[in-house]
Protein chains: 2
Amino acid sequence: MKVKGQHYRTIWFAPPVVFLIEQNLLPFSFQIVKCADFQATCRAIKNMTVRGAGAIGAAAGFAMAQALLAKVDPLKAKKEIEATRPTAQNLFYAAERVFQAADPVACAQKIADEDAASCQRIGELGSQLIIDGMRIETHCNAGWLAFVDYGTALAPIYAARDQGKNVFVYVDETRPRGQGARLTAWELFNEKIPHAIIPDNAGASLMSQGKVDMVIVGADRIAANGDVANKIGTLEKALAAHEYGIPFYVAAPTATIDLQCASGQDIPIEERSEKEVTHQSGINEEGQNSTILVCSPGSTAYNPAFDVTPAKYITKIITERGVVAAPAALFL
Amino acid sequence: MKVKGQHYRTIWFAPPVVFLIEQNLLPFSFQIVKCADFQATCRAIKNMTVRGAGAIGAAAGFAMAQALLAKVDPLKAKKEIEATRPTAQNLFYAAERVFQAADPVACAQKIADEDAASCQRIGELGSQLIIDGMRIETHCNAGWLAFVDYGTALAPIYAARDQGKNVFVYVDETRPRGQGARLTAWELFNEKIPHAIIPDNAGASLMSQGKVDMVIVGADRIAANGDVANKIGTLEKALAAHEYGIPFYVAAPTATIDLQCASGQDIPIEERSEKEVTHQSGINEEGQNSTILVCSPGSTAYNPAFDVTPAKYITKIITERGVVAAPAALFL
């Protein structure tokens with residue numbers, strides 16, 4: 001995607017350095033971070049400088065290649081990479097594949113290139129589901145910033161726009177970290193696609209009033225039976241869409257599918273710091289970064305980062321290999 | 001309820017002055033505001049110094065009495081009061097009743113006293129539904145602060161606690177204004193009731209894992225057929241509770257029932273400023289009030305304040321006259 005006229009991937013590798021867009025500073029500041037070694041790349045994954053299934057996958061592949069280039073004990077490095085975040089399947093997929101590769105650098109680059117190509121294809125296939133004038137709801141950020149390029153949930157929207165279709169996007173703000181309000185809204189504004197940020201609470205209400213024609217979300221891991229782990233709140237949208245007969249699509253590359261997980265119950269769900277709930281970061285009236293307390297002091301908070309949406313609530317999964325009702329159809 | 005050992009109602013009337021707890025400053029500062037005339041009380045309703053169905057109702061009754069005391073044109077004053085906020089039935093109920101009254105001050109006081117008494121009775125009746133050890137989810141604030149005293153959704157929890165039952169409360173933070181995170185959490189902390197604030201997105205996930213035994217919410221208006229207008233997001237919780245077979249209770253005094261509305265479609269839904277979504281207020285690291293931008297600049301937001309939950313998703317309505325499946329049972 002382009003930022004101020006220049007094309008950027010969200011992450012790239014000029015060995016031995018990994019370059020990343022600092023996503024914690026978006027949408028208020030656009031900065032590139034350099035990770036000189038695999039430990040720095042691990043920290044970038046952990047602190048969410050880079051986030052989103054595909055981008056985490058590329059980062060993990062690059063980190064594994066960095067470790068091998070630096071002659072770090074490969075198994076130890078792989079374990080350290082895998083310990084950064086537990087839910088995104090792409091992370092485990094990429095670390096393992098580079099670990100096994102004859103040419104780790106080439107393999108890591110290939111994973112990133114495949115991610116971009118898969119997302120482009122997801123955009124083409126998904127755009128065929130979008131009719132001119134549709135109002136589409138999305139949750140969290142499964143856009144360009146969550147992958148190496150194009151994104152998954154947003155890729156069909158970008159492709160539909162390129163085909164001349166008018167779309168309007170309802171952007172769930174996606175508490176607690178606000179990836180919808182910050183990242184998806186920033187991408188759509190950057191791409192001049194009409195949209196409105198809504199509180200996560202408003203989704204079912206809009207659906208009940210016939211104001212949403214389609215929901216598209218991404219995925220952090222898809223189990224063999226089609227259950228999907230994605231950002232917390234995805235399940236609520238899926239239940240509401242199911243109730244009101246609105247198509248609910250999950251867009252993800254096949255690298256997100258984990259055949260080792262029979263169902264969603266086998267997918268580990270990350271719990272994150274309660275401070276993500278009790279505090280909010282943004283820009284104060286003086287234009288400076290500021291973090292404020294927004295909850296009653298003394299109260300505790302609970303912050304599960306993902307939820308599992310059972311396959312029965314998902315209309316179709318949009319992958320680079322086709323739009324399918326269940327993962328099994330992709331591996332025949 | 002008691003704050004630092006002293007009993008307070010959320011709103012009271014020492015003619016001609018109305019006294020209110022300034023709820024926009026909670027939980028960070030506890031201050032009492034004085035409204036010397038009916039226009040000041042109207043402003044307090046509009047800017048949400050006072051909020052919550054019953055407290056708004058009491059404020060509207062007091063404002064009507066203030067106007068009549070000051071010999072303001074009664075019909076003009078009533079219209080001004082009714083224009084402050086469109087959704088809460090209690091507001092229209094109280095303004096009309098005081099408008100018609102022979103002794104407006106006594107009538108307004110009676111409405112406030114009835115609200116407190118109704119809430120106390122709702123607590124007694126609702127507490128019979130609570131079993132020792134239950135984990136209860138609530139949305140927004142339908143506690144003491146939303147009424148004159150006791151509250152509705154929280155009143156059964158307080159009564160159950162007084163009966164020696166252990167309860168744990170999951171508090172939906174309730175974006176965009178955070179009445180759960182700020183007000184409900186503050187009340188529960190003040191009352192030493194174990195609780196955790198959760199992002200609104202986490203409700204369905206907790207329910208799907210069997211971590212929620214009951215949901216109790218308040219209501220801003222209940223239609224004749226039992227449809228309920230309440231804080232945006234209530235519908236999402238009701239759909240999830242319905243899906244997972246979890247009892248979903250609405251607690252409200254009968255003053256919240258509007259027999260003029262045949263169904264939820266007849267209830268006007270307030271839309272509020274997009275700034276409530278794009279900005280957040282709280283306390284910065286220096287301990288000062290601060291408002292920060294938390295969304296992508298340039299993006300618009302959409303902020304409906306309430307939604308309508310169809311009666312079919314509501315297990316029972318807890319009123320001061322009994323726990324019923326539908327409002328009709330109360331008016332036989």
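Lettering of chains follows the sequences in order, A, B, ..., and the numbering in each one begins at 1.
For the pair A:Leu239/B:Tyr244, a side-chain contact is recorded, criterion being any heavy-atom separation below 4.5 Å from C-beta on. Under the 4.5 Å side-chain criterion, counting only non-hydrogen atoms from C-beta, A:Phe28 is in contact with B:Pro297. Counting heavy atoms from C-beta outward, A:Leu235 and B:Ser208 have side chains that approach closer than 4.5 Å. For the pair B:Ile283/A:Ile292, no side-chain contact is recorded, criterion being any heavy-atom separation below 4.5 Å from C-beta on. Under the 4.5 Å side-chain criterion, counting only non-hydrogen atoms from C-beta, A:Leu188 is not in contact with B:Ser299. Contact of the B:His195 side chain with the A:Tyr302 side chain is not registered, since no non-hydrogen atoms from C-beta on lie closer than 4.5 Å.
Looking at B:His279, neither its backbone nor its side chain comes within 4.5 Å of chain A, counting heavy atoms on both sides. Both the backbone and the side chain of A:Glu236 come within less than 4.5 Å of a heavy atom of chain B. Heavy-atom distances place the side chain of A:Glu173, and not its backbone, under 4.5 Å from chain B. Of the two parts of A:Ile269, neither the backbone nor the side chain holds a non-hydrogen atom closer than 4.5 Å to a non-hydrogen atom of chain B.
Contact tally against chain B (heavy-atom pairs below 4.5 Å) for A:Gln265, A:Lys237, A:Glu274: the top residue is A:Lys237.
In this structure, the side chain of A:Asp200 does not engage the main chain of B:Asn201 through any donor-acceptor pair within 3.5 Å.
The side chain to side chain donor-acceptor pair (under 3.5 Å) contacts involving residues 286-298 of chain B comprise B:Ser281-B:Thr291, where partners must be two or more places apart or lie in separate chains.
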